[in-house]
Student: 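Have a look at the structure that comes next, please.
Below, read A as the first sequence line, B as the second, and so on, with proteins coming before strands; counting in each chain starts at 1.
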Amino acid sequence: MELSAKYNPAETEDKWYAWWLENRFFHSEPDGREPYTVVIPPPNVTGILHMGHVLNNTLNDVLVRKARMDGKNACWVPGTDHASIATESKVVAKLKEQGISKDDITREEFLRHAWEWKEKHGGIILSQLRKLGASCDWDRTKFTMDPDLSKAVINTFVYFYNKGYIYRGVRMVNWDPVGLTAVSDEEVIHRDTTSKFYHLRYFISDGNGNPTEDFLVIATTRPETIMADAAICVNPADERYHWLRGKKVLIPLINKEIPVIEDSYVEMDFGTGCLKVTPAHDVNDYEIGLRHNLPVLDIIDDHGRLNEKARILVGEDRFEARRKIETMLADAGNLVKVEDYTSPVGYSERTNAVIEPRLSMQWFLKMDALAKDALESVESGRVRLIPDKYRNTYRHWMENVHDWCISRQLWWGQQIPAYYLPDGRYVVASTAEEALVLAQKLDPAVTAADLKQDEDVLDTWFSSWLWPISVFDPEMPGHPEHEPNRDLAYYYPTNDLVTGPDILFFWVARMIMAGNEFMKDVPFHNVYLTGIVRDKLGRKMSKTLGNSPDPLDLIAKYGADGVRLGMLLCTSAGNDILFDESQVEQGRNFCNKIWNAFRLVSSWDVDEGADRPEAAAAAVKWFRNRLDEALATMEDHYGKFRLSDALMGIYRLFWDDFCAWYLELVKPAYGAGIDRATYDATIGFFDSLLKMIHPFMPFITEELWHSLSPRGDRETIMLQRMPVAGSYDSGCISDFEMAKEAVVAVRAIRQQKNISPKEPLKLRIYGDFPAGVLPVVTRLANLGSAETVSGSAVTGTEIPFMVRTVKMSILAEGLVDTEKERVKLEADLRYQEEFLAIVRRKLSNEKFVNGAPEKVVAAERKKEADSISKIESIKASLAALK
RNA sequence: GGGAGCAUAGCUCAGUUGGUUCAGAGCGUCUGCCUUACAAGCAGAGGGUCGGGGGUUCGACUCCCUCUGCUCCCACCA
C-alpha cells in the first residue's frame, strides 16, 4: 500500500476513538489491580471547550493513559457542573430573546426551560473532549444535578445544619445586581478602578432641622448613597473636629438630620477625616453602625436602583444616580470639589457587575473547624500541591477564612431544604415529609400545605465540593457512618487532580474539607495546578478579547495529537502558558516525522540471507542502551509531574536519536534488503517508542502500532505495558556520542570546504578511538577509508580536528589552505593555554585542593592532563604545517 | 496595605544538595542542500559578562543583602 508523505489525522482520529469506545477500553470496574483514579474538574454544563480545558484535559489524559499503561486500573470520571449562576443567566437571556421575563413565570416553568437548555447544550463540551482524545470512562458520566448527586447535596446541608455548622442570618453580603443573587467573598474580584472622590459639604443643624452657617466636609466615592447616611463619624483623637461633639448635621438635598459620632476606625489623615456612615451600603459602615446602634436604611433595590426610601432619584440606576446627584449637589452648593481617584472595586466573577455590599438574610456555613483540618491535610503533605509555592497561599487563605455564604437567590440548583412554618420558625430536613414531622413537633397543627420551602438554592461549589465522593457513592455525603459502596471503597481517595490555581479555594480546598468530614481521608494526593493559558502577548485568553483560538478549529487543522503536543510543549506546572499556534504546528510536524519514520521502516524487505553490517550492529547496541537511559529519565520526570520535560525527552529521543542517527545507520542501501536481526530490533525499538509517545499522542500511536506488526482484533496500544527501564551501559552511550562528534566534525569540514556529501573522504586517527563505533563514523561521515596512525605528525595535506582528546584529520590534497589552518590552530592553542593556566591556578591553590571534594579535584587534574595532551597535539600540527 | 513569586540566547523555558568545559533545550535566525522516509524535511553555524550592585566562599546561575523591573494572591482607608 502506498502511504502518503504527509500524515492525515482526520483519517485516523475519529476511527480509533470510536473503536476505543466500542471496545470500552476506557471503562473501569473495581478489581484486584491497583486503582488510579482521577475526577474531571467538571466544566460548566452549557460551556464550550476553550484552551484552558484543552490544557487541563490533555494533562489529565496523559496521566491517565500513562497509569493505564503502567498496569493500573485507571478510572477517569467525567461529568459536568450545573454552574447555577452562569447557567441561569444564560437561560434568562435566552428567555428574554423569546420575550419571556423570569419574573412572569413560575419556578417550575423556569426550571423546565433550564432543563431543556441543559439537554440541548449539556453534551457539547463532553463530545468536544472526545475529539481531543480524552480517555474518560463515559459510562460513569455524572452531572452535579443528577437526582442522586442533588440528594447528596441536600443530605450534606442537613448534616451540617444538625451539626450546628450552618446558620441563617442577616449579614452584609456581596450582592450581584445583574445575577440578582448574593455571591461568596471568593466570587468577588477586586480591580483598581478609576472613579471620582467627591468632597461634600454637610451643614450643621440648628437643632430644628435648619442649616446653620457652620459645616463640615466629607469625602466619598459614592454620593448617591448619602440619603442612606446614618451618621457622620470622626476619630475621637482628631482635635480638628472636637467642636462637632454632640452636634447634628443635615444630609444635603433631603435635609435629614443625622448625628456626629466618634469612632477610632476613621483615619484622620485620609480624605477630610470625616466619614459618612452608610450602614446599609458599606461593610465597614455596617460594623460602625452596629457599634453605635445606628439605624439601617437600605435605599438600593435588587437591581441596583434607588428605591423610594431614597426620597430622590427614585428608580434611577446607582451609576446614573451618581451622575445626576453630582449636578444636584453642585446646584445646591454642597459640592466642594471633585477629584480623580483610583480605588479597588469589587466585581462579580460571573457577571462582571459591580458588587453592591448589601444587608440580607442568607445561609452560612461555619468554616473555622473545616479549614483547620483542611490546612493540616496540606501541611502534613497528605495532599501535595504542585508546584508547592501554592502552599503559602493556601495556608494564608485557610487561616483567614470567613464563613461561607452558601445561599443564592437563584432557581437553578439545589433548593435549600429549610421549611418555614406559618409563624416564621423553620425546620431543616432532607424531604418535605421529614420536614413535616419535625414541624409538627414545633406545632402539631401544621399541615404539609402550611410548610413553605426556602426559595433559595445552594452555591454551586456546595455541590462540587462533594464531587470526588458523590460520583462514586452519592449516599456517602451527609452520612459519615454509611458504609462506602464498592466503587467508593476502591477508587477513593483519588490520585491526582489537575486544575487551575484560580479555583484552589473555591473548589480544591473545599473538596479537602468534604473529604475529611465524610471520608476521614483526603480526596486526592497530588494537586497539579496548571497555569492560565495566555496568548503570545501574555494576555489572558478570553471571549471578549477574541484572542482565543477555537480548539476544534485547531484540531481540524492540525489534528488532536498536534494540538495536544503544542499545548504540552509549553507547559510547566504553575507557570502561565503563553500559547502560540506555531507550537501546534510543531506538534503536527512531529506527527509527520513519526509517520515518515514508519514509512521508511515499512518499506524495508527482510533479506534472510543478509549479514548484519557493522554499523547496524553498533547502532542497535547503542540504541538499546540509549532507550533504557531515556526511559529512566522519563520515569523520573513523570514522578515529578514534569510532563513537558518528559515529552521533550521523548521528542528528542525519537527525532534525533532514532531518526537522525539510528535509522540512518541501519537503513539498507536503495533496493537492498535488510538483515533479519537489525529489522527485528528496529521494529522492537519502534514499538517501544510508540508506547512512550502514546500518552501524549494517542491517535497516531494507535494507528502506527497496528500497522507495525500484526495485531489481534481487540489489541490496543493503550493497554500495552509501558517499557520499563533496564540497566544500561553509559560507556557504550559515551562511545557512540564520540562517534557522533566525529561525524559532525567531518560534516562541518565538508561544509567549510565545499566538499560534496557524496565524495568519500579519507580519515586518519592519531590515537585511540573506540573501535566499536568506528563503522558509525565511516558510514555517516561517508568515509572511503579510516586508518589509525601512530605519532602526531600531520602533514600539510591534512585538515586536522580534535574529538575530545583524540586528534583526527581528513586527507584533502589541494584543499588545505595552510595559512588559514595555521591561524585556526594558533587560536585553538591560545585558548587551550589559557584554559590550562586557569586549571593550574586552581590546582596550585591549597585551599581548593584541601577544601574541595576529592572528585572535584580529580576532575580538575584530568582537565589539566587533557589540556596538556591537546596542546601537544596542536603544536605538532602547527609544526607539520611549516 | 500585607504576602508570595519571577528576572538565564531574539522568543518560551530547563538548570534538583554551591564543584566534571555548566552556561543548556525547543522554537526562531543565518548558510548550504528538492540526498530514493520526511522541504511539515536534511546538514552545518552563530547567539547569553545568567536583571544592576555588594557580600559569603578555594569556588556563585545556584546562598545572603540591596536596587530596578514584572506577575500573582490576599485586603473594609471612605
Student: Which part of the nucleic acid, if any, lies within reach of A:Ala660 when heavy atoms closer than 4.0 Å are counted: base, sugar-phosphate only, or nothing?
Tutor: sugar-phosphate
Student: Kindly express the pairing pattern of RNA chain B in dot-bracket notation, using | wherever a base pairs with another strand and counting only Watson-Crick or G-U pairs under 3.5 Å.
Tutor: (((((((..((((.....[....)))).(((((.......))))).....(((((..]....))))))))))))....
Student: Does A:Lys667 have a side-chain nitrogen or oxygen under 4.0 Å from the phosphate oxygens OP1 or OP2 of B:A37?
Tutor: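 So the side chain of A:Lys667 is within the cut-off, an N or O lying under 4.0 Å from OP1 or OP2 of B:A37.
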Student: Can you identify which nucleotide, out of B:U20, B:G26, B:C38, has its nearest atom closest to the A:Gln586 side chain?
Tutor: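 Closest nucleotide to the A:Gln586 side chain: B:G26.
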Student: Listing request: all salt bridge (charged side-chain N to carboxylate O under 4.0 Å, His left out) pairs with a residue in residues 635-644 of chain A, at least two apart in sequence or in separate chains.
Tutor: A:Lys66-A:Glu635, A:Asp636-A:Lys640, A:Arg642-A:Asp645
Student: Which whole-number value in Å describes the distance from A:Leu275 CG to B:A78 C1'?
Tutor: 5 Å
Student: With sequence neighbours left out, write down each residue that passes side chain to side chain donor-acceptor pair (under 3.5 Å) with A:Glu379, or none if nothing qualifies.
Tutor: A:Arg395
Student: Nucleotide by nucleotide, 5' to 3', does protein get under 4.0 Å of the base (B), only the sugar-phosphate (S), or neither (-) in nucleotides 1-6 of chain B, counting heavy atoms?
Tutor: ---S--
Student: Name the closest nucleotide to the A:Asn592 side chain, picking from B:A78, B:A37, B:A40.
Tutor: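 Nearest to the side chain of A:Asn592 among the choices is B:A40.
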Student: Test salt bridge (Lys or Arg N to Asp or Glu O under 4.0 Å) on A:Lys740 and A:Asp657 and set out the steps.
Tutor: CA-CA 10 Å; A:Lys740 281 161 88 172; A:Asp657 294 325; 3.4 Å; yes
Student: Considering heavy-atom distances to RNA chain B, does A:Ala5 or A:Gly273 have its closest nucleotide positioned more toward the 5' end?
Tutor: A:Ala5
Student: Can you list, in residue-number order, the parts of residues 646-654 of chain A that come under 4.0 Å of RNA chain B, counting heavy atoms only?
Tutor: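 Only A:Met648, A:Tyr651, A:Arg652 qualify.
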Student: List in numerical order all residues of residues 335-342 of chain A for which some heavy atom is under 4.0 Å away from an atom belonging to RNA chain B.
Tutor: A:Tyr341
